[in-house]
Chemist: 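Take this structure first; my questions come after.
Chain letters run A, B, ... following the sequence lines, proteins first, then strands; residues in each count from 1. Model, not experiment: these values are computed from the prediction.
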Amino acid sequence: MSKTNTAAQEPKWVQRLLDWYDVNKRDLPWRGVGDPYKIWVSEVMSQQTRIEAMKPYYDNWMQLFPTVEALAEASEDEVVHAWQGLGYYSRARNLRLGVQEVVSNYGGVVPMDRKSMESLKGVGAYTAGAVLSMAYNLPEVAVDGNVLRIYARLYNINDDILGAVGKKKITALVEETLPHDRPGDFNQSLMDFGSSLCIPKSPRCSDCPINSSCEAYANGTTADLPVRIKKTKSITIPLVVGLVQLGDYYLLHKRPNTGLLRSMWEFPSAEASDFSAGESQLKDLLGALGFELKLDSTMVRELTHVFSHRKWEMKTYQGTLIWRGSDAEQIAAIQTKLPADYMLLPRLEFATYTWAGPHGKLTELCK
DNA sequence: AACCCGGGGAA
DNA sequence: TTCCCAGGGTT
């Protein structure tokens, strides 16, 4: 629970920001509805994701899973498939698990206290505060990247906002300044303010309704704040990818259920930077499954895909497979002899499956 | 505290 | 290219 604050202690900028919000707030589908489930979904979808990017996913999600019960009953595959393309897929898996907890342990009602909220899968300090303040108008702070940036400037805080010290310092400040009559609106006003005016680079200070309260603006340090520690560099991984067919069927591989892009489908690939090295590895790989591989040396697509800490440099080739078993064996029979993480699939059924990031873009090369 | 987990828009 | 976004989980 946040500290109490009196009207006398409330900084002048708080009411000015609320006034600005009343005029300039964005019209978003989960706002003004008072539905904690909708707000919860929107918050999780928005994590590390811009609003414009997640909007269509949100609309689709609500069609598929309109209530906590609907989501709780959905399979993990359905849920991750609906998340396909958004990234950070653990968010989808954890959201489903969290909602299942609500249905089984809270009678389907999203809890109204921070401790219970934060005990739910995928719900941390931020999401708990956001849902509680926006859905139930409880005086809880929701400290996200926007809030860290805004307060670092308003109060000229030089600590690294990604570190524990800076984050703790700012959270204390937000608790002191949170207006208890409109906590939900206040938290949302910070989001809208941070995404339109107090933006990371080149903040639009001349248009800012609270620049007279901003210490960084007064000191001329808005360009230097907030302080963020630089991230570690990403490593580059060269990959040779094979779009390999047995008749009308493509051979696909399901990634392990741990690590990057877990449990998603991809085309067979090898960690190699040139055709011959990749061809050799793929022949070994598919040979162990019982296939003979003929790979065409003409590259059909070169694709670079950047993750947070990794970069895939993918070279894609087409090829055909020959089953080493008896000539009479049909696809279905061969299928039963493959390991569980491999399958043969016709192109028309591709849309049914969840693709591992950039592999989804390669499906357009298949016929 | 450090690292892992996606994807995309903007400069 | 680099930055960074309505973060949370794991080790």
Side-chain angles (χ1 to χ4, degrees), chain A residues 25-26 28-31 38-58 80 83-95 97-98 117-134 141-150 160-168 171 174 184 186-196 198-203 223 226-236 255-264 303-312 354-361:
Chain A
K25 64 181 168 190
R26 289 175 289 185
L28 300 173
W30 53 88
R31 278 187 176 166
K38 289 185 177 176
I39 293 168
W40 184 2
V41 171
S42 76
E43 289 304 330
V44 175
M45 275 192 177
S46 304
Q47 289 167 11
Q48 302 296 292
T49 308
R50 287 186 170 73
I51 296 299
E52 292 310 314
M54 55 71 78
K55 256 183 176 173
Y57 286 86
Y58 173 85
V80 175
W83 207 272
Q84 166 92 63
L86 254 188
Y88 283 126
Y89 298 94
S90 290
R91 293 184 295 171
R93 283 183 278 265
N94 288 335
L95 176 56
L97 294 175
M117 270 307 288
E118 289 189 13
S119 76
L120 300 173
K121 263 309 194 208
V123 178
Y126 166 75
T127 304
V131 172
L132 293 173
S133 66
M134 296 173 198
V141 301
V143 180
D144 73 325
N146 287 304
V147 175
L148 291 171
R149 182 175 63 255
I150 294 165
D160 173 21
I161 61 166
L162 300 181
V165 173
K167 199 165 183 178
K168 195 169 181 181
T171 300
V174 181
F186 179 70
N187 288 336
Q188 293 180 88
S189 74
L190 290 166
M191 309 300 166
D192 286 12
F193 175 62
S195 70
S196 62
C198 200
I199 52 182
K201 294 175 184 174
S202 309
V227 175
R228 299 172 63 100
I229 296 269
K230 289 179 181 176
K231 290 167 284 190
T232 56
K233 283 183 181 176
S234 67
I235 57 173
T236 299
R255 295 176 62 82
N257 61 9
T258 58
L260 183 67
L261 299 170
R262 65 185 65 168
S263 301
M264 294 178 165
L303 182 59
T304 297
H305 191 81
V306 181
F307 301 93
S308 299
H309 294 283
R310 232 170 285 267
K311 180 159 74 174
W312 283 358
T354 306
W355 292 89
H359 287 267
K361 295 174 183 170

Chemist: Of all residues at least two apart in sequence or in a different chain, which pass the salt bridge (Lys or Arg N to Asp or Glu O under 4.0 Å) check with A:Arg262?
Modeler: none
Chemist: Determine the Euclidean distance between corresponding P atoms of C:dT11 and B:dG6; express it in Å to zero decimal places.
Modeler: 16 Å
Chemist: For a quick check of understanding: with a heavy-atom distance under 4.0 Å over all strands, which category does A:Arg26 fall into, base, sugar-phosphate or nothing?
Modeler: base
Chemist: Would you mind reading off the distance between A:Met45 atom CE and C:dC5 atom C1', rounded to a whole angstrom?
Modeler: 16 Å
Chemist: Would you say the side chain of A:Ser46 and the base of C:dG7 hold a donor-acceptor pair, judged only by whether the two atoms sit under 3.5 Å apart?
Modeler: no
Chemist: Considering only C:dA6, C:dG7, B:dG7, which nucleotide approaches the side chain of A:Gln48 most closely?
Modeler: C:dG7
Chemist: With 3.5 Å as the limit, what N/O pairs link the protein to nucleotides 8-10 of chain B?
Modeler:
residue : atom : partner : partner atom : Å
B:dG8   : N2   : A:Arg50 : NH1          : 2.5

Chemist: By nearest heavy atom, map A:Ser90 and A:Ala164 onto DNA chain B; which one lands nearer the 5' end?
Modeler: A:Ala164
Chemist: Report which part of the nucleic acid A:Leu261 touches: base, sugar-phosphate, or nothing (heavy-atom distance under 4.0 Å, all strands).
Modeler: sugar-phosphate
Chemist: Report the residues that fulfil ring pair (Phe, Tyr, Trp, His ring centres under 6.0 Å) with A:Tyr58, sequence neighbours left out, ordered by chain and then residue number.
Modeler: A:Trp30
Chemist: Applying side-chain hydrogen bond (donor to acceptor under 3.5 Å, both in side chains) as the test, list every pair that has at least one member in residues 43-55 of chain A; sequence neighbours left out.
Modeler: A:Glu43-A:Tyr126, A:Gln47-A:Thr127, A:Thr49-A:Arg91
Chemist: Using a cut-off of under 3.5 Å, enumerate the N/O to N/O pairs linking the protein to nucleotides 8-11 of chain C.
Modeler:
residue : atom : partner  : partner atom : Å
C:dG8   : OP1  : A:Gly124 : N            : 3.1
C:dG8   : OP1  : A:Thr127 : N            : 2.9
C:dG8   : OP1  : A:Thr127 : OG1          : 2.5
C:dG8   : OP2  : A:Tyr126 : N            : 3.4
C:dG9   : OP1  : A:Gly122 : N            : 2.7

Chemist: Heavy atoms only, 4.0 Å cut-off, all strands: where does A:Leu95 land among base, sugar-phosphate and nothing?
Modeler: nothing
Chemist: By side-chain hydrogen bond (donor to acceptor under 3.5 Å, both in side chains), which residues pair with A:Asn94, not counting sequence neighbours?
Modeler: none
Chemist: Looking at B:dC5, I'd like to know if its phosphate oxygens (OP1 or OP2) sit under 4.0 Å from a side-chain N or O belonging to A:Arg262.
Modeler: no
Chemist: Just to verify, what does A:Ala92 make a side chain to side chain contact (heavy atoms under 4.5 Å, CB included) with, not counting sequence neighbours?
Modeler: A:Val79, A:Trp83
Chemist: Considering every strand and a 4.0 Å limit on heavy-atom distances, what is the contact class for A:Trp30: base, sugar-phosphate, or nothing?
Modeler: base
Chemist: Is A:Gly194 touching bases, backbone alone, or none of the nucleic acid, heavy atoms closer than 4.0 Å?
Modeler: nothing
